[in-house]
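What follows is a set of notes on a single structure, which appears directly below.
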Amino acid sequence: MSEFDILHQRAKCFYDSFERKAELQHQTHYCPGCGHGIAHKLIAQAIDELGIQDRTILVSPVGCSVFAYYYFDVGNVQVAHGRAPAVATAMKRALPHGVVLSYQGDGDLAAIGTAEILHAANRGEPITVFFLNNAIYGMTGGQMAPTTPLGEKTTTTPFGRNPWTEGYPLHVSEVLSSLEAPVYIERVALGNNKMIQQAAKAVRKAIANQVQGLGFSLVEILSPCPTIWKMEPADAQKWVREELTKVYPLGVFRDKTKEAQPRPAPVPAPSLDELPKIFSAKEGRPPALAPAAPCRRTVDLRVKVAGFGGQGVLMLGQVLAEAGLDAGLEVSWLPSYGPEMRSGTSHCHVRLSNHEIDSPLVSRPNVLMAMNEPSLRKFLPAVEPGGWIFYNGTSLPEGAMRTDVTFIVQPFIALADRIGDTRAGNMVMLGAMLEATGLLESEWVASALARLSKSERWLDLNRRAIEFGREVIHREVSI
Amino acid sequence: MPKQLIKGNEAVVRGAILAGCRAFYAYPITPASEISEAAAYYMPQAGGAFLQAESETAAVNMLYGAASAGVRCMTSSSGPGISLMQEGISYLAGSELPCVIADIMRGGPGLGNIAPEQGDYMQVVKGGGHGCYHTLVLAPDSVQEMCDLTTLAFELADQYRNPVFVLADSFIGQMMEPVEFPERAILPPPPSWAVRATAETRKNLITSIYLDPDALERHVRKLAAKYERAEAEVVRFEQVETGDADLVLVGYGIAARILKAVVRLARAEGLRVGLMRPITLYPFPKEQIGDLARTASAFLAVELSTGKMVEDVRLAVNGRKPVEFYGRAGGSVPSAEEVLGVIRNIAERYSLVRGQSPEVAHV
Amino acid sequence: MSDIARPDKGSVAINADECKGCGLCVISCALGVLRQSDSLNRFGYHPAVYAGHGCNGCGLCFYACPEPGAIAVYKRAAAPRATQPELVAA
C-alpha cells in the first residue's frame with residue numbers, strides 16, 4: 001500500500017464497530033441503497049474536517065434514523081417523535097460550546113414536529129438541522145408523508161395522494177425561509193455524484209455556521225428509499241434526481257452567513273454566595289425587616305375583604321398580612337382567584353395569629369371588610385358573633401342587619417377623595433379597621449406599606465389614607 | 001434571613017434556583033403562570049436559561065434536552081398542559097432523566113376552569129404516560145413547602161434519575177405566606193452520565209429505546225427496582241393528633257390545611273379526630289395508613305375531586321376499616337364547618353367515641 | 001479501462017463484508033472499474049468488486065456508498081513506486 005495514500009475512508013467519528021447494535025455490528029441497519037447512510041457519511045466527514053467530534057451532540061429522531069447513535073462516536077441523545085428541535089434548543093442553551101445536530105425525517109420534522117421546527121427556526125436557535133426528505137414513511141412501512149408527491153400511492157393513499165383530501169406536498173425549506181431568523185437553508189439531493197458533492201458542501205456549511213456561533217441552519221436532503229419505493233437502488237436514485245427534484249427544486253433558499261451575528265453571550269452567573277441577592281432587589285423594594293418589637297397580644301384575626309375588582313381588595317389584604325409579618329405573627333393571604341380578578345367581585349382571606357395557621361381559608365371571619373353591597377350580603381351571615389363589619393356605604397342596606405356584631409359604616413372610598421385620590425379608599429378602610437380593633441402598631445403597618453407601595457407618591461398617599469381612616473371612626477364625618 | 005411574605009408560585013422558583021436549577025422551560029397557563037413569570041425574571045439573573053416554549057409538548061422536551069445536558073431543570077403547568085406533557089414525561093422516565101415539574105392544579109376535565117381542584121391525581125401520581133414507570137410526587141400544603149419540597153424534588157430527581165412532581169393547586173400557588181429561604185445556594189456538579197459536548201462525555205448516550213424484548217425487560221425491571229427503593233426511602237407524611245384518633249382524616253395540599261382546622265373544631269367538640277397528610281403521594285404512605293387502621297375505627301378521605309386519592313387510602317387500609325369519602329370539585333372548596341358536618345354524621349353512623357382518650361393528654 | 005502501462009492515479013478497496021450490493025458505487029464510477037460480483041457475500045449480497053486497475057482516485061464511489069466503511073479510496077503517493085498495491089478484494 002505504501003505507494004498509495006488514503007484519500008477517503010471511514011470517518012473517524014464513526015465507531016469502528018457498531019457495538020450498540022445487537023448483530024451485524026460492522027454494517028448499518030439501513031437497507032441497501034438507502035440515503036440515510038450517505039447523509040450520515042457526509043455529516044461524519046464534516047465533523048472530522050471541522051475537528052469537532054468531542055463537542056458534537058447528535059439528536060436522533062424517531063424514524064429509520066432512530067439508531068443514528070449506533071454509528072456516530074459523538075454525544076448522543078435519542079428523543080421523542082418530532083421533538084428534536086425542542087431538545088436541541090435546550091441542549092444548545094445549556095452547552096453553548098456544543099455543536100448540536102438535529103437529524104430528522106419527513107414524518108418527524110414535517111408532520112408531527114412542525115411546531116417544534118418552526119419555532120426553533122423562528123427563534124434562530126444556533127443549531128444545525130438535517131431534514132431527510134424521502135417523501136414516504138419508511139420505518140413504519142410506507143405510509144404517506146406530508147412530503148409525498150401528488151398522485152403517489154402509499155399504504156395510506158392507496159388510490160394516490162389526492163390534494164382534495166390529503167393536501168399538497170409540504171415545502172419545508174420554502175416555509176422556513178419565510179421566517180426572519182434562519183441563517184442558512186438549502187435543499188440538496190442524493191440523486192447523482194454531482195448532487196451528492198453539493199450535498200456534502202451544504203452539510204459542511206450548515207455545521208460550520210454553528211461552529212462560528214451563527215444561527216439556525218437547515219439542510220433538506222432529498223433522499224432515496226428504495227425498499228419502500230419498491231425500486232432498485234439505481235432507479236431510486238434516478239427517481240430522486242428526475243422526479244423528486246421537480247416537486248422540490250434544489251437550491252439555496254436562505255444564506256445570511258456573511259452578515260449573521262453570533263447570539264450574544266448570556267450575562268455571567270453570579271457566584272453562589274451572591275446568588276440569593278437577586279431575590280432581594282426586585283422592583284427596588286426594601287427587604288422585610290425582622291420585627292423590632294413583636295406583637296405580644298393574643299391575636300386570631302380572620303379577615304374577609306371583599307369588593308369589586310379595582311377597589312384594592314387584594315392590596316388591602318396584602319398590607320394587613322405584611323404588617324402582621326412585621327408584628328412577628330403567623331400570617332396568610334389567600335386571594336379568590338378567577339376571571340373576577342379583572343371584573344366583578346373579588347375577595348381575599350387574611351389570617352393573623354400567634355399560632356401556626358391551620359387553614360388559610362376564612363369561612364368564619366371575625367372581621368368582614370365589605371366594599372360593596374353584594375359582598376356585604378354574601379358574607380354577612382358567616383361572620384362570627386362578636387365580630388366586626390366594616391362597610392363602605394352611607395348606611396346599611398335593608399335587611400343586612402345583625403345585632404351580634406359591630407358595624408362600622410362609612411363611605412370609605414368617597415372619603416378618600418378628601419386626601420386626594422379615591423383609589424386610596426381601601427387604605428382608609430384599613431386605617432379604620434386598625435384603629436377600631438387596635439390590633440397592630442402603626443410602625444408595623446408603615447414598614448409593610450413601604451414594601452408594598454408602588455412609588456413614593458403612592459407610599460405617601462397610602463400613609464395619609466391610613467391615618468385618615470384611623471381618624472374617621474373617632475368623629476362624625478359627613479360627605 | 002427574615003421571613004418574606006411571598007406567593008406559592010414564586011416560592012417554587014426561588015427554591016428551585018437556590019437548589020441549582022438553571023433551566024426553565026414552560027408554556028403559560030393559569031393558575032401556574034406566575035411560576036413562568038418569576039422564572040423569566042430570576043433565571044437569567046442566575047445565569048440560567050428561561051424560554052417560553054411554543055407548547056407544553058415542546059417545554060417538556062426542552063427539559064429532556066436540559067436534563068440530558070446534566071442541568072437541573074424544571075417546568076410548570078396545570079392540568080391541560082400536564083396532559084400534553086405526558087408523552088415527554090414517559091420519555092424522561094424511560095431515559096432516566098431527572099427534572100422537576102410543578103403542577104398547579106385547576107378544574108377539569110377539558111378546559112374546566114381555573115379554580116382549585118385536585119383532579120390531576122391520577123395522571124400525575126399513577127403516571128399518565130405510556131409504559132411501566134412512576135413519577136415521584138410531592139404535595140406541599142404551604143408556601144414554605146412550595147420552596148422546601150421543590151428543593152427536595154431536585155435532590156430526589158437526581159438521586160433516582162427520574163422526573164419528580166410538585167403537585168399543588170391554585171390556592172397553594174396563589175396564596176401568600178411567610179417563607180424562610182435557604183441561606184445558601186447550591187449548584188451540584190453535572191452527573192457523569194450527562195451528554196455535555198466534551199471528550200469525557202462523548203461516549204454517553206441518552207435513549208429510551210430497547211428493541212430487544214429481553215433488553216427492554218431488563219431496563220423496565222431496573223426502573224421497577226428503583227421505584228421499590230424509593231418506596232422504602234422516600235415516603236413522607238405529617239400526622240396531626242392521630243395518636244388516639246378514632247376517625248383519621250386523609251387529605252393533601254390545600255385540603256389538608258382545611259382538615260387541620262377541622263381537627264381543631266372536631267376535638268373542641270370532643271370527637272377524637274386526627275389527620276394523616278401524605279406529603280409524598282408517590283410513594284404513598286401506605287404502611288403508615290395501614291398502621292393507623294389498627295387503632296382507628298374509620299377513615300375519611302377529603303379531596304377537591306370526586307375521589308381519586310381515596311383509592312390509595314382504600315388500598316392501604318385494605319378492607320380492615322371503613323373508608324369514607326367527601327369531595328368537592330369544579331373549584332368549590334369545602335369549609336371546615338362543612339367537613340365537620342360530615343364528620344358528625346360519620347361519628348353517629350359508626351358510634352365513634354366522644355370525649356378525650358384517657359391515655360393521651362392534650363395541652 | 002486505463003492503460004496498464006501507465007501507473008494508476010488511484011485505487012479502491014471494498015470490504016465485501018460491509019457491502020450490501022446496492023450497486024450505487026458501480027453507477028457512480030465513470031471509469032467503469034467497479035462491478036458487482038457474481039458471487040454472494042455471507043449476507044447474501046452481490047458485493048461490489050474493483051477490477052484491480054484503472055482507478056483514478058476520484059472518490060465518487062466513496063460518497064455514493066451508504067455504508068460507513070465499505071469503500072476506501074486511495075490516491076497515488078507523491079513519490080510513486082513501480083508496483084500496484086495489494087488491495088483486499090474479496
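Below, chains carry the letters A, B, ... as their sequence lines are ordered, and counting in each starts from 1. These figures come from a predicted structure and were not determined experimentally.
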**Prompt:** Is there a side-chain contact between B:I206 and A:Q78, using heavy atoms and a 4.5 Å cut-off?
**Reply:** no
**Request:** Go through the atoms of B:V143 and report whether side chain, backbone, both or neither lie under 4.5 Å from a heavy atom of chain A.
**Result:** neither
**Asked** So does A:D73 pair up with B:R202, basic N to acidic O under 4.0 Å?
**Response** yes
**Asked** Do other residues, nucleotides or ligands put more than 12 heavy atoms under 6.0 Å from A:F379 CZ?
**Response** yes
**Fill in**
The single option from B:L211, B:T207, B:I209 that satisfies side-chain contact (heavy atoms from CB on, under 4.5 Å) with A:V66 is B:I209
**Message:** Please classify the contact between B:F50 and chain A as side chain, backbone, both or neither, with a heavy-atom cut-off of under 4.5 Å.
**Reply:** backbone
**Which atoms of B:A23 approach chain A - backbone, side chain, both or neither, heavy atom under 4.5 Å** = neither
**Request:** Would you indicate whether the side-chain heavy atoms of A:R451 and B:Q4 approach each other to under 4.5 Å?
**Result:** no
**Complete:** Assert top hit (heavy-atom pairs under 4.5 Å, partner chain A, pool B:I258, B:V195, B:I254, B:L205) equals B:L205
**Request:** Identify which part of B:E87 has an atom lying under 4.5 Å from any heavy atom of chain A, answering side chain, backbone, both or neither.
**Result:** side chain
**Fill in**
Okay, B:N204 and chain A: the region with an atom under 4.5 Å from a heavy atom over there is backbone
**Request:** Look at the side chain of B:R257 and the backbone N and O of A:I357, then say whether any donor-acceptor pair between them is shorter than 3.5 Å.
**Result:** yes
**Item:** Geometric class of the B:F181/A:F279 ring pair [parallel <30°, tilted 30-60°, perpendicular >60°]
**Value:** parallel
**Prompt:** Taking 4.0 angstrom as the limit, do A:R351 and B:E177 come out as a salt bridge?
**Reply:** no
